Asker: 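Below is a structure I'd like to ask you about.
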Amino acid sequence: MKKEIVLALWVLSFIAMVVLADPYKISFWISFGVFGYLSVYIEKHNKRFEHEDE
């Protein structure tokens, strides 16, 4: 995925996680899962994202 798309989804999932901060709602856990997955994805592909700007 492109760097901008990944970062936009990461920010949106963080905002959704904060807004839906009730741990008894499934939407909170979905946004938490997406945020966690994208955090790992960004860390794993950090080198590629650095070279994408060039």
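Quick caveat, the model's predicted, so the values are computed rather than measured.
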Asker: Which residues satisfy the side chain to side chain contact (heavy atoms under 4.5 Å, CB included) test with Val6, sequence neighbours excluded?
Answerer: Met1, Leu38, Tyr41, Ile42, Phe49
Asker: Taking ring pair (Phe, Tyr, Trp, His ring centres under 6.0 Å) as the definition, give me every residue that meets it alongside Tyr37, ordered by chain and number, with sequence neighbours left out.
Answerer: none
Asker: With hydrophobic residues grouped by side-chain heavy-atom distances under 4.5 Å, do Val40 and Phe35 end up in a single group?
Answerer: no
Asker: Group every Ile, Leu, Val, Met, Phe, Trp and Tyr by side-chain heavy-atom contacts under 4.5 Å, then state whether Val11 and Leu9 land in the same group.
Answerer: yes
Asker: Quick check for you: to the nearest 0.5 Å, what is the distance between Ile26 atom CD1 and Phe32 atom CZ?
Answerer: 12.5 Å
Asker: Quick check for you: to the nearest 0.5 Å, what is the distance between Ile15 atom CD1 and Leu20 atom CG?
Answerer: 11.5 Å
Asker: With clusters defined by side-chain heavy atoms of hydrophobic residues (ILVMFWY) lying less than 4.5 Å apart, directly or transitively, does Val19 cluster with Phe28?
Answerer: yes
Asker: Using the side chain to side chain donor-acceptor pair (under 3.5 Å) rule, collect all pairs that involve residues 10-29, keeping only residues at least two apart or in two chains.
Answerer: Trp10-Ser39
